[in-house]
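Notes follow the structure.
For clarity, every value in this text was computed on a predicted model and none was experimentally measured. In this chain, residues are counted from 1 in sequence order.
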Amino acid sequence: MASSTYQPVAPEEDKPPTSSDSSQDSSSAIRYTPEPDVDDQDDLAELGQGEGYELKELGGSSRTPAQRDDDEEDAEEEEELASNRRRRASRASVQSFELYTPDEERKVLRKLDTRLVLFVALLYLLSFLDRSNIGNAKIAGLTDDLELDDNQYSWLLTAFYITYILFEWMTVCYQLFPPHIYISCCVCAWGVLASLQSIVSSFGGILVLRVLLGIGEAAFVGIPFYLSFFFRKDELAFRIGLFISAAPLATSFASSLAYAIVRFGGGTGIASWRLLFLVEGFPACLVAVWAYWWIPDSPQTARWLKARERKIATLRMRKETTASTATGEKPTAKLDSTPRYKRKFQWSEVLRTLKDPKAYLTASMFFCVNVAFSSLPVFLPTIVHSMGYSRLAAQGLSAPPFLFSFVIVLVTAYLSDRYHSRSVPMMLHAAVAMTGYIVLALAGTFKLGHVLRYLAVFPICAGFFSAVTIVITWTVNNQPSDEGKGTGMAMLNVIGQMGPLLGTRLYPDAEGPYYIKGMSVCAVAMALVGLLALALRIVLKKENARRRSLWREDEMAEGEALVGRRATSEPFTFLT
């Protein structure tokens, strides 16, 4: 039998009479409906609010062992609700319809991954490249040509993060403006500013450009919030992992490119550091034009999805709750096809998030992670050079630890989604990175060799890059509303990006070659990350238990009153 796409089919009693009703044969038991030629948004919203379901595959359960244990413990309470649910299900069965098959959903997810996630990862690669290549430029002759002392170089790093922090509130702009316009403007801005660094001739000139570059890149960091428009919360870590993994990839690429420029760029007549800024900055200006045409504002506007696929991409998100938890309103599965930037902005959700202790716990974690995340990528060429390697070799040896991190970030993100866990990988990577920093801090005391010191960099890089992926995903997961997610991301970055103000001053040349103080501070910071993750896990488990208990009480109390009406959705659940 040829395969077919499932389409909503009207109940038997609602079908209009046709001439074929009086002459049915045995083949009429199987009915197919043609794929629509247009994307009907009114029908889409109506379907999303009904009692629909997806066709699920038979076989193994996707629930984790911990979730199955909870189900067994709650079996008695569930049995009391079973009769009411069966009565509701029997009434709703006539109205139920088959929305899409698992194969169709997988096809849509593949397109979202390859056409959207990988594209925004490319944008982040360019972003991180333009912010961190100043470390490669330093040992390529920047400080010598501009006659910068150690304090002036530190200010170039710090100035970027001052404006980067002050403009983190722009994350909420993803809900206020069409994302395809907003993102393309951000990319063009930082591409122009990064390229202009190649023509500066003084400390003041490059300092101004670094300040402006911080504004341009701050406007872009809300991409994880933007991805939540397209992916469910238990799918988000891997997609954010793909996005964040562009950072170590960018750093390794920058080191490899810097090696090639220093090695072969002398014949161009342009200083190596100037050529480096130009080659790594200008491509963003070209990609900005592509971003304007390629980036969708929502699943309904993705030009690279077919009409049927756009419906599926929208319908599969209907179970993501948008109800406010502060007012006591029960979560619903309503589907709103209106673009987010056209919806009314709920300022009450912003205030609720600002009062939420969970938002401050994740922001504190991000602060500690950023002490390491902001310092090692820009100082690693200098650190490797201080181990006794030449300037040229230091550029090349800076790449492998970040390539290793790229792989580990993807594996961590996949497992985090697979087992629905955020705290466990966070604590594990914090411990691993802390151990690596302790080895480097003790290297001077125990006279450890260069090879061992270099190998210790690998778990450090893998640890803090993976921790960044998890903490960003965790922040988005912890907020049920779009306004809450945007505000949570803004809080995460405003508080968290203060970490670089400390991290960028941890490795002055005077403390080389072992940089004991800087390594010790980063070791303590990663230890705090693990402790904060444990504290948040405890808070979230208690909150989930409280919400589940209240929901069951409401179900028991309403019982008979809900017969024949739409069933109450389950409460918003935090991923621990």
Query - Stepwise salt bridge (Lys or Arg N to Asp or Glu O under 4.0 Å) test for Glu104 and Lys107 - result: CA-CA 5 Å; Glu104 287 181 308; Lys107 183 178 179 181; over 6 Å; no

Go through the structure and list residues passing side-chain contact (heavy atoms from CB on, under 4.5 Å) with [X], not counting sequence neighbours.
| X | answer |
| --- | --- |
| Ala189 | none |
| Leu242 | Val117, Phe238, Leu410 |
| Leu415 | Val411, Tyr419 |
| Ile223 | Val120, Tyr174, Ile183, Phe220, Tyr226, Leu227, Phe243 |

Query raised in the report: In terms of side-chain geometry, is the basic nitrogen of Arg537 or Glu543 positioned less than 4.0 Å from the acidic oxygen of its partner?
Result: no

Report summary line: Sequence neighbours excluded, the answer for salt bridge (Lys or Arg N to Asp or Glu O under 4.0 Å) partners of Glu168 is none

Report task. Test side-chain hydrogen bond (donor to acceptor under 3.5 Å, both in side chains) on Thr473 and Arg422 and set out the steps. Result -> CA-CA 8 Å; Thr473 308; Arg422 303 292 185 243; 5.4 Å; no

Report summary line: CG (Leu236) and OG1 (Thr475) are apart, to the nearest 0.5 Å, by 11.0 Å

**Report entry** For Asn478, side-chain hydrogen bond (donor to acceptor under 3.5 Å, both in side chains) partners two or more places apart
**Finding:** none

Requested in this report: Classify the side-chain pair Arg131/Tyr164 by whether it contains a donor and acceptor separated by less than 3.5 Å.
Outcome: yes

Query raised in the report: Is the OH atom of Tyr360 crowded by more than 12 outside heavy atoms at less than 6.0 Å?
Result: yes

